[in-house]
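Below, chain A is the first sequence line, B the second, and so on; all start at residue 1.
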Amino acid sequence: MARLADRQAFEHYAAQAQARWERLWAGDHWIISVGISECSIAKGALETYRHLELLLAQEGIPATLRRVGCAGWCFAEPFVEVRAPGAPPVVYGNITTDRVPELVHALKRGGVKTEWALGVRADEPFAGVQPLSQHPFLARQRRLLFADAGVIDPESIDDYIARGGYRAFLKALFEMTPEEVVAEVKASNLRGRGGAGFPAGIKWESGRRTQAWPKYVVVNSHEGEPNVFKDRRLLETNPHLVLEGLLIGCYALETPHGYNYIGGEHALAVKRFQEAVRQAYELGLLGDNILGTGFSCHIRVRTGGGAYICGEGSALMYAIMGQRGQPRTKPPRSVEEGLWKRPTVLNNTETFASVPSIVLNGGAWYASLGTEQSSGTKLVTIQGPVKRLGVAEIEMGMTMRELIFEVFGGMREGYRFKGVQTGGVSAGPLREDQLDVPVDFDSMTELGGMLGSGGFVVFDESVCAVDFARYLTAFNRYESCSKCNPCRLGNPALVEILDRVRNGYGRPQDLDIIREASKHIIELSLCGLGQVAPMPLLGMMKAFPEEFDAHIREKRCPANVCPISEAALATVGDD
Amino acid sequence: MAHRVDPDQRVDLAPLLEVLASRFRPRDDQEAYELIVGACQEAQRLYGWVPPEAAQAIADHLGVTINRIYGLLTFYADFRTEPPGKHFLWLCHGAACYVMGSSRLIELLRDRYQLEDHGVSPDGEFTLHVFNGCLGVCDLAPVIQVDHHEYWGRLTPERLEAAIEALKRGRGVEDADGTAG
């Protein structure tokens with residue numbers, strides 16, 4: 001494939017890609033797509049794919065078999081989309097190998113397997129199957145980043161271009177100055193999706209203002225929290241979208257140096273992003289003198305080694321530089337002195353992925369989505385015993401109750417809702433009576449919760465608040481980078497006290513000691529992660545005081561989880 | 001795949017040197033530093049751990065000190081500087097798995113198989129890594145990834161024990177796999 005020399009060459013190429021896409025979907029032949037992503041592979045999607053290939057050949061169904069990305073519905077993986085000649089595409093969920101023969105036989109007979117169908121990609125019901133857009137998981141979602149998730153092949157730049165990809169980059173490159181790009185991002189009020197919520201446009205502006213070269217633009221795809229998996233799904237299902245956002249970022253900063261730092265555990269995300277970069281180079285959308293404009297851009301992919309702390313901005317930059325990923329004191333901020341001591345603009349994967357639609361449709365349009373202070377859409381993941389697990393993309397401002405009970409379907413049979421842990425390991429939980437809070441950057445903070453990166457963990461009555469608090473605190477203890485004392489020594493101390501409480505040796509004054517120690521950790525820790533490390537514990541204490549009380553005064557674990565010792569039990573009532 | 005490295009045998013560096021020569025070609029010092037972690041990850045993919053010989057080869061190839069290499073190997077949780085057991089268990093201890101009972105799995109592995117985080121079982125069969133992040137397959141929680149490609153999902157201590165015993169007997173693990181049931 002030759003590098004595209006100019007805009008006209010790109011337009012020509014895009015027209016061809018689009019024509020191929022339209023021919024593919026003209027409706028005159030079989031197309032069968034299987035979602036291949038980390039979580040569907042875990043549930044056997046590759047076997048499903050091979051099985052389908054075999055049986056379709058056996059049955060003489062001449063189908064084009066495609067691999068697409070994840071569509072966010074982990075609960076329905078592996079999914080298979082079937083487009084029969086003359087019929088709209090029907091999406092089937094949970095097609096494990098044992099279901100493949102029956103599905104293929106049904107197709108052979110020209111039928112639709114209604115009971116396995118999630119929905120049909122059409123506006124009207126088809127053969128008793130409701131439109132996919134009315135599926136309760138999707139009906140309340142607003143998909144910008146996930147619009148083509150599960151539709152396009154993530155390893156095909158042609159698919160991406162056929163669906164309008166790289167149009168935003170071209171618009172920026174040919175019709176806008178870098179200042180105008182930054183102005184649109186500023187107008188959109190796009191706030192950082194990694195958790196801090198700092199306005200991206202202001203960061204980009206400061207990056208432009210700093211007079212030192214070279215400059216760097218870095219995507220933070222590290223995602224090391226124990227309860228979120230949205231960024232890797234985004235990279236797995238639409239890597240070019242992130243790459244396009246990064247390219248626009250590099251153009252806005254007028255720099256040829258872009259990086260994506262991806263957690264090493266996310267093997268498929270790394271692989272697909274690298275493939276996207278390779279394809280973009282091949283086509284001439286990366287490299288020197290892109291489309292004859294004189295603008296050059298080179299992207300390097302770096303992978304992490306499994307340290308949560310490397311999601312912190314300054315630690316991440318040290319990690320890229322081949323040092324131990326430990327944060328440093330600020331100022332100077334990264335936009336002044338970051339990677340290799342040069343101005344560096346660092347944003348989350350999701351933030352960059354939001355940029356193309358802002359450039360295409362304008363900052364004002366994006367600002368009109370969501371709420372006034374928290375514009376746009378947000379990827380959220382919910383974990384725990386809910387009916388429909390997965391990644392959802394919602395407009396900011398939906399209430400937590402709607403999110404859990406409508407989008408994610410509420411609790412599974414036999415589980416009763418107790419609370420939802422918010423903000424990863426950096427904030428506290430919400431109780432049932434607090435669920436009417438809007439999901440946005442600011443509303444949850446007053447209740448001790450936090451939007452964070454959008455990972456929420458629903459837990460039921462079988463989970464003990466003290467034990468859960470211990471789990472979250474132990475995470476922070478284990479992942480402390482050990483650079484500064486309050487975090488390194490404070491978190492083990494908290495875990496120690498909690499273990500005492502769990503074993504039945506807790507004393508009433510322990511709760512005060514926890515508060516006091518937490519205060520030191522919060523006030524004296526060096527980085528943002530240390531400063532919030534005690535928050536989950538304090539949040540649990542605030543939300544479920546009666547459980548802490550039961551452990552300490554009655555030597556009793558209401559959820560029957562904690563290893564209260566016999567010896568401790570014998571002392572009940574002594575004091 | 002299970003890594004089969006005899007700890008007493010010398011490590012065959014040829015495949016690593018080949019990868020380094022073809023894919024790790026820094027243009028300057030800056031890039032050499034940036035490539036260390038990736039090179040160590042390649043070594044671990046090849047050998048199941050980063051043997052001292054491999055660390056030295058990476059240091060020589062990239063022109064950095066061996067101290068720098070070990071500084072990183074001991075900082076990042078993913079790396080092993082000791083030979084692993086025959087099978088690699090990657091136990092997800094993310095919040096979803098915790099809520100669904102991963103702590104009980106950790107206890108079983110410790111009590112029944114003397115298998116601790118980052119340790120090797122006494123019979124040399126298993127290495128355990130407890131992963132504090134999220135494997136991202138929460139629908140299967142609590143979940144263990146086995147030998148880098150297979151998943152045991154929706155585990156209980158009983159099912160985990162059955163799966164381990166099956167693996168020890170050298171049988172396929174499909175019958176114990178949460179996805180098949």
Aromatic plane relationship, His93(B) with Tyr471(A) - under 30° parallel, 30 to 60° tilted, over 60° perpendicular: perpendicular

CD-CG distance between Gln30(B) and Leu339(A), expressed to the nearest 0.5 angstrom: 7.0 Å

Within 6.0 angstrom of Glu31(B) CD, more than 12 heavy atoms from elsewhere: yes

Approximate separation, where rounding is to 0.5 Å, of Asp139(B) CG and Phe75(A) CZ: 9.0 Å

Top contributor to chain B contacts, counting heavy-atom pairs under 4.5 Å, from Gly305(A), Gly306(A), Gly322(A): Gly305(A)

Any side-chain heavy-atom pair of Trp340(A) and Glu34(B) under 4.5 Å: yes

Chain A contact via Arg104(B) - side chain, backbone, both or neither, heavy atoms under 4.5 Å: neither

Per-residue contact mode, Phe456(A) against chain B (heavy atom under 4.5 angstrom): neither

Heavy-atom pairs under 4.5 Å with chain B, option from Gly263(A), Ala267(A), Pro385(A) with the top count: Pro385(A)

Distance-minimising heavy-atom pair for Ala307(A) and Tyr76(B): CB-CD2, 3.8 Å

Best-contacting candidate, Cys40(B), Ala77(B), Gly136(B), against chain A by heavy atom pairs under 4.5 angstrom: Gly136(B)

Per-residue contact mode, Cys70(A) against chain B (heavy atom under 4.5 angstrom): neither

Sub-4.5 Å side-chain heavy-atom contact between Arg302(A) and Val37(B): no

Neighbourhood of chain B inside residues 227-234 of chain A, taking heavy atoms under 4.5 Å as contact: Asn227(A), Val228(A), Phe229(A), Arg232(A), Arg233(A)

Pairs of heavy atoms under 4.5 Å with chain B: top-ranked of Gly424(A), Gly325(A), Gly264(A), Ser37(A): Gly325(A)

Heavy-atom pairs under 4.5 Å with chain A, option from Ala141(B), Ala32(B), Cys134(B), Ser103(B) with the top count: Cys134(B)

side-chain contact (heavy atoms from CB on, under 4.5 Å) between Val99(B) and Gln383(A), intermediate numbers included: CA-CA 9 Å; Val99(B) 167; Gln383(A) 305 175 329; over 6 Å; no

Donor-acceptor contact present, side-chain Gln41(B) to main-chain Gly304(A), <3.5 Å: yes

Atom pair CG (Asp78(B)) and OG1 (Thr303(A)), whose distance is rounded to the nearest 0.5 Å: 9.5 Å

Most contacts with chain B, counted as non-hydrogen pairs under 4.5 angstrom, among Glu47(A), Glu38(A), His266(A): Glu38(A)

Part of Val458(A) lying under 4.5 Å from any heavy atom of chain B: backbone

Top of Val137(B), Leu135(B), Asn132(B), Thr74(B) for chain A proximity - count of heavy-atom pairs under 4.5 angstrom: Asn132(B)

Atom CG of Asn560(A) with >12 non-hydrogen neighbours under 6.0 angstrom: no

Criterion side-chain contact (heavy atoms from CB on, under 4.5 Å) on Tyr478(A) and Asp117(B), from CA distance to verdict: CA-CA 12 Å; Tyr478(A) 185 85; Asp117(B) 184 17; 3.9 Å; yes

Gap separating the CD atom of Gln145(B) from the CD atom of Glu265(A), nearest 0.5 angstrom: 10.5 Å

Proximity breakdown for Tyr415(A) and chain B, heavy-atom pairs closer than 4.5 Å: side chain

Heavy-atom contact with chain B under 4.5 Å, split by part of Arg388(A): neither

Segment of Gln323(A) engaging chain B (4.5 angstrom heavy-atom cut-off): both

Leu472(A) side chain reached by Tyr98(B) side chain, heavy atoms, under 4.5 Å: no

Largest heavy-atom contact set with chain B, pairs under 4.5 Å, which of Glu479(A), Glu223(A), Arg300(A), Met321(A): Arg300(A)

Heavy-atom neighbours of Arg412(A) CZ exceed 12 at 6.0 Å: yes

Chain B contact via Ala474(A) - which portion, at a heavy-atom distance below 4.5 Å: neither

